[in-house]
Structure formats: structure tokens, C-alpha cells
Amino acid sequence: MPPIVSAKAIHKHFGTLHVLKGVDLDVAERELVFVIGPSGSGKSTLLRCLNRLEEPSAGSIVVDGIDMLSPRTDINHARQRIGMVFQSFNLYPHMTALGNVTLALRKVADKSRVEADTIGRAALERVGLADRAHHRPAELSGGQQQRVAIARAIALEPRVMLFDEPTSALDPELVGSVLAVMRSLRESGMTMIVVSHEMGFARAAADRVVFMDDGQIVEQGPPLKIFESPQHERTRAFIGQIQRH
Amino acid sequence: MNRWDKFLDTFFNAKVMAKYLPDILSGVVLTIELALAIIVTGLLAGLFLALVRSLGIRPLNWLIIFVVDLFRSLPPLVVIVLVYFGLPSAGLAPSAFVSTWLSLAFVLMAFAEEIFWAGITATAKGQWEASRSTGLSFVQTLLYVILPQALRLTIAPLTNRTIAITKGTALGTVVALHEILGMASSAVSNSYNPSPLMMGAAAYLVLFLPVVVAARWVETKFAWKR
Ligand SMILES: Nc1ncnc2c1ncn2[C@@H]1O[C@H](COP(=O)(O)OP(=O)(O)OP(=O)(O)O)[C@@H](O)[C@H]1O
Ligand SMILES: [Mg+2]
């Protein structure tokens, strides 16, 4: 089976700064890939290139058979297949939880309000927030906000979900609820690429861990192999460092 | 006649007031028409410029910034005089009403553009990214995600600025516009009595006090909660 995400030789420059230096990443359907690496190594930039929030300077990206970088691709249409969850939730503060979840359903997926509401409620149900449909983000805890953000993404039935440090803005006691939702997503067969420092979650749920440093993938493999017996000095140093925390 | 009667006779002379009431009222009507025209066109033009500016087309943005800075630095009175006395030499002869309307609408447009723009840029980058990542286009994102937040941020400064500029309708007197102040002062010189000025002041109060009170209410109602 061809990979559902196939990124080849991705380069990204910000002015004179060379942030991604030829990254290749293939992700199979239903795979959960964990991306780790020191701050500034380009993890977020890589994720943001995958749905073209950031325009790669060179390389090719194919997601679910769509050439993401082709000028002929309807990028807004393609983006519906790629859900994204951000560290800072980025919920729309002027809308209710349900409003957040249904906006793209109505405006991009062309659903009627009734259809969108039905789908939206089901998505909120999946993240355990059916009873919060009419709450504004300001009335929700951080963990609940992030779950609404996940519902907003999965309501569009994406083929791939990108998570950029989904739990690092949360108080420790709220992390569990978000990880639980991610785990149930995983069990439903969602393909996921996760940038995160939650090593426990990586060990338990990841199929593969990718270690990035300085804009390159240094090493990748099953979680146990990367965490217990990393091959490269830089990986070893990084793993040692985070495990001391 | 004692002092008090004299005071009343001078400033609140019933006969003079009755005589010039229709004039003042016609001034009120004209002021309302003018104010509405300024507010509608000025705010819409300002919003339009801010939206165009958000497209990020460099040369266009330089032009917008130039125009906006120009009208923000010129005193409104100078703009009115320039339009009314200057344009005829360019072959156009706008009436006093049109001159005052255009001038103040441009001034309001300039301030409104800056306020709208500030609202748009203050709305976090993450909002753009979240919206675009779900497939909404640039325009949809602006419309459904950014503007509702930006407008909320702009309501208080915008109302204040709108009131300030609308009060500038009184500047129309310099081009002989028959708005409240113009009517009142010509009545004063015809009757040799300042009572019409008092009526004029009262008319401004009646017009603007409710607006100011409403603005205060709007300000507290839309105070930004996150
Ligand atoms: N829009 C931008 N303009 C300029 N430089 C940028 C931009 N976005 C990211 N960078 C730079 O690119 C490099 C990689 O950033 P990126 O956010 O991808 O790192 P990261 O691995 O996600 O780090 P962190 O763990 O801190 O989130 C950093 O040096 C960052 O300063
Ligand atoms: Mg990052």
C-alpha cells in the first residue's frame, strides 16, 4: 500500500535561515508517528509544510494521493483531509464549541446547518464534550478547549491528523484527558503525526519515533529502539536529557 | 427689569426663539442627514481600505497608508476649506453640503481604517492558521473568524472617533452650510440676540447626548472577554 503521507526532500528557508534541510517522511495509513527533537529543530515547520500553512522552499508532498504543492491543487479542499491541532488550541473565541466545530463543515464542506450540527455534535461526543456544545471557549478548561479543537478537526473526517505539541500548554492534571482522546482516535484507525514530549504516550501508542535535529531526521524507529538503544550520539544526548526531567 | 429678567431676555428670548425655531430645526435636519452620510460612507470606506490592506499588496498598501496618514494629520477644517474653495479651480464645484460631507467622510475613513486595521492585526495569528487548516479560504477566514473578533475590539475606539468627527459638521459653517451652528449664528446676527445660539447648543445636546450615552453602553457591553 502506498504511504498516505509522502514528503520528499523538503527544504525550508526563512530568509537566510535554513530550517529544514532535506527531510523525507513517509507515513503509512493507520500509522502513528511521533516526532521529537530539540527546540528549533524544525518539527513545527515540518508539520506546517505538510498542510502548506508554510510553503516549502523545495521538495514534494503528496497526501492521500494529492500533490500538495501543485499549483493546480485546490489547497482549501485538500486541507480538509488533513486535520491540525495546535499547542495554543486556537479556538474561535466568539463562537460556541459547536460553532467552532461546524464552521468549516458549513462553509467548506457545504453542509446545511442541520447536517453540520448533527456531525458537529457527534464529533463533540467523541471527545466527551457533548454537554459543552453551547459553551464559549472562555468557559472551558484548557483540556476541554483542546478537545474541542480536536473535534473541530475530526468533524471534517480527515485522512491524517497533525498534532503540534497538543498538551504542552496544559496543566499536568488536564493532559490525561487529551491523551485519552488521542488514544481513542488512534484505536479508530486514524493516521497521526504527533510532535510532543509525552514520552509515556509515545511508548504506549506510537508505531515509530522520528528524531529531528537541526532541520534533519537523524534517526527513526520503533519507540523502544529509539528510547532504549538510540544509534546516534545526538539522539542519545536528547533522550537522556528529556528522561532526566 | 432686574438682572435675572435681563439675562433671560438676552439668552432665552421667547420671541426670538419662536421666530427662529423653524430655521434651527431645518439646521437639525440637515445636520442629521450630513452626519448619517459621513458615518455610513466614512466607516464603510475605512473598512474597505482595511480589508484591501489585509491582502498585503505592497504598492497598494503604501498608497493606503499615505492617504490615511494625510487625512489623519490635516485638520478637518483645512480639508473642508480646500475642497470647497480649491476644487472649483479644478473645474468641480461641490456644494457646501457635498464639500463638508466628503471632507469629513475622508477624515473618518482614515481614522476608521487605522482602527479596523489595528483590530485585524491584533487578532492572533493562530486564528488564521486554525481557520485555514480546516480549509477556509483567505476571504472566508477574514469574514467569519477575523472580522467578528476585530470589530469587537474596534467598537469602543470607533464610536468615540465617529462622535468626534460627526461633531465636526459644525465646521460646515465656514463654507456657509446651513447646519445647526450656521443657522444659529445667522439668526444671531439678524436678531441681534444670542438666544438662537442657546437653541443651537440645545439641539447639539439633544442630538449627541443620546449617542454618547449609547456609546458608553456599547463600550461596556462589548468589553472584550476571553
Ligand atoms: N515564520 C518564521 N520566520 C522566521 N523563522 C522562523 C519562522 N518559523 C520558524 N522559524 C525558525 O525556524 C526554526 C525552526 O522552528 P520550529 O518552530 O519548526 O522548531 P520546533 O522544532 O517546532 O521548535 P519548538 O520545540 O521550540 O517548537 C527556528 O529557528 C525558528 O526560529
Ligand atoms: Mg514547535
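Only a predicted model underlies this, so the values are computations on that prediction, with no experimental measurement involved.
For Glu129(B), the parts sitting under 4.5 Å from any heavy atom of chain A are the backbone and the side chain alike. The contact between Ile82(A) and chain B is made entirely by backbone atoms, counting heavy-atom distances below 4.5 Å. Contacts between Arg48(A) and chain B at a heavy-atom distance below 4.5 Å involve the side chain alone, from C-beta outward. At a 4.5 Å heavy-atom cutoff, the contact between Phe86(A) and chain B is made by side-chain atoms alone.
Using modelled atom types and a 3.5 Å distance limit, the side chains of Thr45(A) and Glu54(A) yield no donor-acceptor pair. Looking only at atom types and distance, the side chain of Asp67(A) has no donor-acceptor partner in the side chain of Thr73(A) under 3.5 Å away.
For Phe48(B), the CZ atom sits in a loose shell: 12 or fewer heavy atoms of surrounding residues, nucleotides or ligands are nearer than 6.0 Å.
The side-chain tip of Arg186(A) does not point at the ring of Phe201(A) from less than 6.0 angstrom away and within 45° of straight on.
In terms of non-hydrogen atom pairs under 4.5 Å with chain B, the most contact-rich of Arg136(A), Lys107(A), Gln80(A) is Lys107(A). Comparing Leu105(A), Leu103(A), Asn51(A) by how many heavy-atom pairs each has under 4.5 Å with chain B, the most go to Leu103(A).
Closest approach of Trp101(B) to Ala37(B), counting heavy atoms only: NE1-O, 3.3 Å.
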